[in-house]
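Written below as structure tokens is the structure these notes are about.
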Amino acid sequence: MFPARVLADAPLALVILALSGCSSPWGCTDTTAERGEAGVRVQVVDTSGQPLGVTARVVDWRLEPHPQVPSEGDRVHFHYRFDGADKISGPGVDACAVDKKRVVLRCQTVYSSDAWPERDGALTGDDWLTVDHPEQVAGVLLIPNDQSYDRRTCEQDIKDGGGTHPPEPVFMGDQL
């Protein structure tokens, strides 16, 4: 008798889910944020495109051998600065070496949590990018989308995953 009652109520439960707009009991959906405009100085934005109140900028860059592996030739050595970020939970942005047409030669994420505090409250750091042809580097640009938090996808966790994720990674050859 009990199984018959459960079977009788099952269509009602499905109708309620359908009317509520849920395609599954958890209604999980993944979306990807749009990539912001890259620049030497950017306002960092969350996955909704809203400013976080943090500015990131490339202070300077130069080609030089890395001191630990000078025999490997020149690399891109750059300094960056975050204003308005905190050391513990601050954002991360992609830093990309580009050619004169803004074609990506190499990118990696730099985080404010890896930077050092300055007296004025800013966080500064430096990093290295290895590129195949250092002579083609015309600059280092930052992509304003915060990369520090990427929630699980629906595929990874249908109940608690989903939502808006940072933009797709930038690859060599992409134009910014």
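Just so you know, these numbers come straight off a predicted model, no measurement behind them. All values below come from the heavy atoms of this structure, side chains included, with hydrogens, waters and symmetry mates left out.
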| request: Please tell me if the side chains of Q43 and V54 come closer than 4.5 Å, counting only heavy atoms from C-beta onward. | output: no
| message | Given 3.5 Å as the limit, does a donor-acceptor pair link the side chain of H133 with the main chain of E135, or not? | response | no
| Distance-minimising heavy-atom pair for P169 and D174 | O-OD2, 4.2 Å
| said: Check whether R35 reaches the backbone of I143 with its side chain - one donor and one acceptor, N or O, closer than 3.5 Å. | reply: no
| Taking side chain as C-beta onward, heavy atoms only, is R75 less than 4.5 Å from V69? | yes
| D120/R81 ion pair, N-O < 4.0 Å | yes
| said: Just so I know, are the side chains of E64 and W128 near enough to count as touching, which here means a heavy-atom distance under 4.5 Å? | reply: yes
| Considering only heavy atoms from C-beta outward, does the side chain of L176 approach that of V104 to under 4.5 Å? | yes
| task | Give a yes or no answer on whether the side chain of S112 reaches the backbone of P91 with a donor-acceptor pair at less than 3.5 Å. | result | yes
| task | Treat each ILVMFWY residue as a node, draw an edge where side-chain heavy atoms are under 4.5 Å apart, and state whether V140 and V103 are in one component. | result | no
| request: Look at the rings of H77 and H79 and say which category their plane angle falls in: under 30° parallel, 30 to 60° tilted, over 60° perpendicular. | output: tilted
| note | Contacts satisfying side-chain hydrogen bond (donor to acceptor under 3.5 Å, both in side chains) that involve residues 90-105 (not counting sequence neighbours) are E37-R102, D94-T109
| said: Has D146 got a side-chain atom pairing as donor or acceptor with G92's backbone, closer than 3.5 angstrom? | reply: yes
| task | Say whether, by atom type as modelled, one donor and one acceptor occur between the side chain of N145 and the main chain of V93 under 3.5 angstrom. | result | no
| query | Going by heavy atoms in the side chains, are L141 and V40 under 4.5 Å from each other? | reply | yes
| Pairwise side-chain contact, F78 with D127, heavy-atom cut-off 4.5 Å (strictly under) | yes
| remark: What one should report as the nearest heavy-atom pair of L123 and P117 is CD2-CA, 3.6 Å
| Shortest non-hydrogen contact from D46 to L52? | CB-CD2, 3.8 Å
| Which heavy atom in A115 sits nearest to a heavy atom in G125, and how many Å separate them? | CB-N, 4.0 Å
| Should L129 and L63 be regarded as members of a common hydrophobic cluster, given that ILVMFWY residues are connected when their side-chain heavy atoms come within less than 4.5 Å of each other, either directly or indirectly? | yes
| query | Can you name the side-chain contact (heavy atoms from CB on, under 4.5 Å) partners of V131, sequence neighbours left out? | reply | V76, A97, L105, R106, P134, V137
| Is the backbone N or O of W116 less than 3.5 Å from a side-chain atom of K87, with the two atoms forming a donor-acceptor pair by type? | no
| said: Tell me the closest heavy-atom pair linking Y80 and Y111, and the distance in Å. | reply: OH-O, 3.9 Å
| field | For the student: nearest non-hydrogen atoms of V170 and C107, plus distance | value | CG1-SG, 3.8 Å
| Q108 atom CD, over 12 foreign heavy atoms within 6.0 Å | yes
